[in-house]
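Notes for the one structure printed next.
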Amino acid sequence: GIQVEQSPPDLILQEGANSTLRCNFSDSVNNLQWFHQNPWGQLINLFYIPSGTKQNGRLSATTVATERYSLLYISSSQTTDSGVYFCAVYAGNNRKLIWGLGTSLAVNP
Amino acid sequence: DGGITQSPKYLFRKEGQNVTLSCEQNLNHDAMYWYRQDPGQGLRLIYYSQIVNDFQKGDIAEGYSVSREKKESFPLTVTSAQKNPTAFYLCASSTKYRGGDTQYFGPGTRLTVL
C-alpha cells in the first residue's frame, strides 16, 4: 500500500523563524491533506491540496503530485504554531486516509 | 454551531468492562471515522462508515465495535477483548464536495483503563 513519510520528525524554532515541512508519498494519490494537532489533542484541517499551491495567512502548502511530495511552509512562526503537523492521503476510492507519523514542532518565545 | 462532539472528554474503565464512546456530528456529513492515537504516535483507523447502516473495519478493529443507525451518530464500543485500550480516541466526519473530501475532527476522548 501507499507509504507516507514526513520529515523532519522533530523541529524546534525560535519565534519569528520560518520553516518547511515535507511529506513524501510512494504512489499516485487523489487527495492530500495537512492537519495540525495542538498540544491539547485537537486536530484541525489546514489544507486540502492534491496539487498546486494554497495559502492561508502565514501558512502555505505546495503539492507536486508528479514528483510525489508536498511541502508545508510556516512563516514568522508563533508559539501557537506548536504541536504536531500531519500529512494524510487517500488512495483509491474508499475514502480511507493513510497518515504520516507527523512532524512535532516546538516554537519557543 | 456546526461541528463534531465527543463525550466524555475523559473516561476511566476497569479491566474487563465494556465502554461506549459517543460521537455526534451536525455537519450533515455522510462519512464518519474512529481513530486511535497512542502517546507520540500517529493516527490509526479503527472503523469507518460511508453511509448509514454500513461500516468497514480499519487497520486495528479487533476488540472494538461500532454502529451507524443514524447519519449524525457513530458510537464506538471498546470491549473487554481489546487488550490495551488506554489511548486517545478521535472521531472524524467528512463529505465529498466540489473542492474535495476533507475530514473534520472532534475534540477526542482520553480513555484510561485502571
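Every chain is numbered from 1, with letters handed out A, B, ... down the list of sequences. All heavy atoms count here, side chains included; hydrogens, waters and symmetry mates do not. Here the structure is a predicted model, which is why all the values come from computation and not from measurement.
Within a 6.0 Å sphere centred on CG of A:L11, heavy atoms belonging to other residues, nucleotides or ligands number more than 12. Within a 6.0 Å sphere centred on CD of A:Q14, heavy atoms belonging to other residues, nucleotides or ligands number more than 12. For A:I12, the CD1 atom sits in a loose shell: 12 or fewer heavy atoms of surrounding residues, nucleotides or ligands are nearer than 6.0 Å. Shown here is A:E5, whose CD atom has no more than 12 heavy atoms of other residues, nucleotides or ligands within 6.0 Å.
Grouping the Ile, Leu, Val, Met, Phe, Trp and Tyr side chains by contacts below 4.5 angstrom, directly or via other members, places B:I60 with B:F55. A continuous path of hydrophobic side-chain contacts links B:V66 to B:L11 [ILVMFWY only; heavy atoms under 4.5 Å]. Connection of A:I74 to A:L46 is established within a shared hydrophobic cluster, with ILVMFWY side chains joined at heavy-atom distances below 4.5 Å, either directly or through further cluster members.
The line from CD of A:Q33 to OG1 of B:T102 is 4.5 Å long, rounded to the nearest 0.5 Å. Considering CH2 of A:W99 and CG of B:L43, their distance stands at 5.0 Å, rounded to 0.5 Å. With rounding to the nearest 0.5 Å, the separation of CD1 in A:I98 from CG in B:D59 is 6.5 Å.
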- Task: Applying side chain to side chain contact (heavy atoms under 4.5 Å, CB included), run through B:Y35 and A:L97 and close with a yes or a no.
- Result: CA-CA 11 Å; B:Y35 293 93; A:L97 277 174; 4.0 Å; yes
- After noting the C-alpha distance and the side-chain angles of B:Q37 and A:L43, does the key distance pass the side chain to side chain contact (heavy atoms under 4.5 Å, CB included) rule? CA-CA 12 Å; B:Q37 187 177 32; A:L43 266 160; 5.6 Å; no
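Highest contact tally toward chain B, considering only A:A88, A:G102, A:G41, is held by A:G41 [criterion: heavy-atom pairs under 4.5 Å].
For chain A, no part of B:R44 is nearby; none of its heavy atoms comes within less than 4.5 Å.
A:Y90 and B:S94 get closest at one heavy-atom pair: OH-OG, 4.1 Å. Annotation for B:F105 and A:Q42: closest pair O-NE2, 3.3 Å, computed over non-hydrogen atoms.
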